[in-house]
Amino acid sequence: MTGASTADRPRLATTAEALRIVDLIGNTPMVELRCLRESIAPGVTIYGKVEGFNPGGSVKARSAWNLVRRGLESEQLRPGKTILESTSGNTGIALAMIGAALGYPVKLVMPENVSRERKRVLQAYNAETVYSSPMEGSDGAIILCREILAQDPERYFKPDQYNSEYNSEAHYLTTGPEIWKQTGGRVTHLVATIGTSGTVMGTGRFLKEQSHDVQVVAIEPSDSFHGIEGLKHMASSIVPGIWHPEQVDRVVGVDTEDAYDMVYNLAAKDGLLLGQSSGAAVVGALEVARDLTSGVIVVILCDFGDRYLSTNLWLGWRDRHQLAANK
Ligand SMILES: Cc1ncc(COP(=O)(O)O)c(C=O)c1O
């Protein structure tokens, strides 16, 4: 058997290009969400930016790395310090990955009911985890994390993803420019969910600086008791310091069931297995698209779905299919 020529092989990063895993963060691909074509005008295209391709598997690699990078620059993060953060999951995974790569210990506070896959991944990266009450959601984790920090402030570096503008800056510096370039400046709408709001704030700010006409749409769960991991219902939550609602054109509330149905749809029809927040974002994008005759909508797909296989998202899927079959 003769070996494939060099030209046939996929091009891998050389050691000079990717000295560390953090050097591979960003530059994620975009893909058209083709299964939505039949529901929208022919002049409208919806692209998903597939953030699950980031190291650590989510959009949060971008903000976690920018927060750590800025901490190192200012020497607030230096040898001997532990990185401490409250996180509903993806930021924790990103920080744990970055801490492991850079040699810093990481301690994470999160609601006890985050998915089993997430807990295992954090163990693998050797992060320490502290659980807050599952009844109190991400706000319970925020409050417990504040208490831990207050007990020993010198020991910790807290990136403070909810209040540090370095979170949104990550997206201003990377996600926004990537979308502008990938669409050749044709993007008309950005659709992104709100957790800390870093993604929608930073990406939206960059795109609006390129063209005032770009519409920025933020997606939140439609009520406080929702099953969309990573997202915040603003009216009933501790509002992140970096959330500036006047900088978005529209906030759309999405029901959990609609978000889940969209996840099932995208997996079965487009081969894109995503997390529930991506389902919510795409439901929002479709709502925006329905009012348009032309446009290029870019929706941020925060992570892949394989880390939610043991959650209600997929337990519910079986029930719903049985219900449909029995009808
Ligand atoms: C799955 C998922 N979707 C969306 C978001 C929201 O992103 P942001 O914090 O930038 O608003 C997060 C944040 O943790 C997340 O984990």
Side-chain angles (χ1 to χ4, degrees), residues 26 28 48-52 54 56-67 85-97 108-111 114-115 117-118 121-122 137-139 141-142 159-176 190-206 216-221 226-234 237-245 247-248 251 254 256 259-260 262-263 273-284 299-308 311 313:
T28 53
K49 188 149 173 69
V50 193
E51 291 296 299
N54 277 302
S58 84
V59 69
K60 300 306 294 197
R62 297 177 187 265
S63 51
W65 175 223
N66 202 51
L67 287 158
E85 190 60 292
S86 63
T87 160
S88 58
N90 277 331
T91 301
I93 291 174
L95 286 172
M97 168 196 68
L108 302 164
V109 188
M110 65 187 66
V114 301
S115 72
E117 290 92 336
R118 288 194 181 200
V121 170
L122 294 171
S138 59
D139 285 354
I142 292 175
D160 206 6
Q161 57 162 344
Y162 287 99
N163 296 302
S164 170
E165 294 293 339
Y166 293 144
N167 173 353
S168 357
E169 183 193 58
H171 301 282
Y172 180 82
L173 295 176
T174 67
T175 322
L190 168 75
V191 180
T193 48
I194 325 172
T196 63
S197 78
T199 306
V200 72
M201 287 288 101
T203 312
R205 185 157 64 90
F206 178 86
V216 176
V217 182
I219 306 297
E220 66 171 353
H226 63 87
I228 312 180
E229 259 189 62
L231 302 197
K232 258 180 186 283
H233 174 251
M234 283 298 170
S237 306
I238 298 175
V239 177
I242 58 171
W243 168 238
H244 306 300
Q247 290 178 18
V248 305
V251 179
V254 171
T256 300
Y260 285 15
M262 186 58 83
V263 170
L273 176 54
L274 301 163
Q276 43 274 62
S277 83
S278 301
V282 176
V283 170
V299 51
I300 308 288
L301 310 175
C302 287
D303 60 7
F304 284 127
D306 43 4
R307 55 183 50 167
Y308 303 100
T311 68
L313 170 65

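Ligands are counted one by one from 1 in listed order, and the atoms in each one are counted from 1 as well.
- The shortest N or O to N or O distance between Thr199 and ligand 1 is below 3.5 Å.
- The shortest non-hydrogen separation linking Leu274 to Leu313 is O-CD2, 4.5 Å.
- Polar contact check, Asn90 against ligand 1: a nitrogen or oxygen pair lies under 3.5 Å apart.
- Residue contact check: Glu229 has heavy atoms under 4.0 Å from atoms 1 (C) of ligand 1.
- Within the 4.0 Å heavy-atom shell around ligand 1 one does not find Gly275.
- Between His171 and Val59, the shortest heavy-atom contact is CE1-CG2, 3.7 Å.
- Residues Tyr166 and Pro159 form no side-chain contact, since every pair of their non-hydrogen atoms from C-beta on lies 4.5 Å or further apart.
- Every atom of ligand 1 with a heavy atom of Cys302 under 4.0 Å away is listed here by number and element: 2 (C), 3 (N), 4 (C).
- The shortest heavy-atom contact between Ala280 and Ala259 is N-CB, 3.5 Å.
- A 4.5 Å side-chain heavy-atom check between Lys232 and Asp139 finds at least one atom pair inside the cut-off.
- For ligand 1, one of its N or O atoms has an N or O atom of Ser277 under 3.5 Å away.
- Taking every heavy atom of Ile194 and a limit of under 4.0 angstrom, the matching atoms of ligand 1 come to 11 (O).
- Between Val191 and Ala281 the shortest heavy-atom distance is CG1-O, 3.5 Å.
- Here is the list of ligand 1 atoms found below 4.0 Å of a heavy atom in Gly195: 6 (C), 8 (P), 9 (O), 11 (O).
- In terms of heavy atoms, Pro111 sits closest to Thr87 at CD-O, 4.1 Å.
- The distance criterion of under 3.5 Å between nitrogen or oxygen atoms is not met by Asn167 with respect to ligand 1.
- Residue contact check for ligand 1: Tyr308 places a non-hydrogen atom closer than 4.0 Å to it.
- Thr28 and Arg62 form a side-chain donor-acceptor contact under 3.5 Å, judged by distance and modelled atom types alone.
- Looking only at atom types and distance, the side chain of Gln161 has a donor-acceptor partner in the side chain of Thr91 under 3.5 Å away.
- When only interatomic distances are considered, the shortest N/O to N/O separation between Ser197 and ligand 1 falls below 3.5 Å.
- Contact atoms of ligand 1 toward Thr193: 4 (C), 11 (O) (distance under 4.0 Å to a heavy atom of the residue).
- At least one N/O-N/O distance between Thr196 and ligand 1 falls below 3.5 Å.
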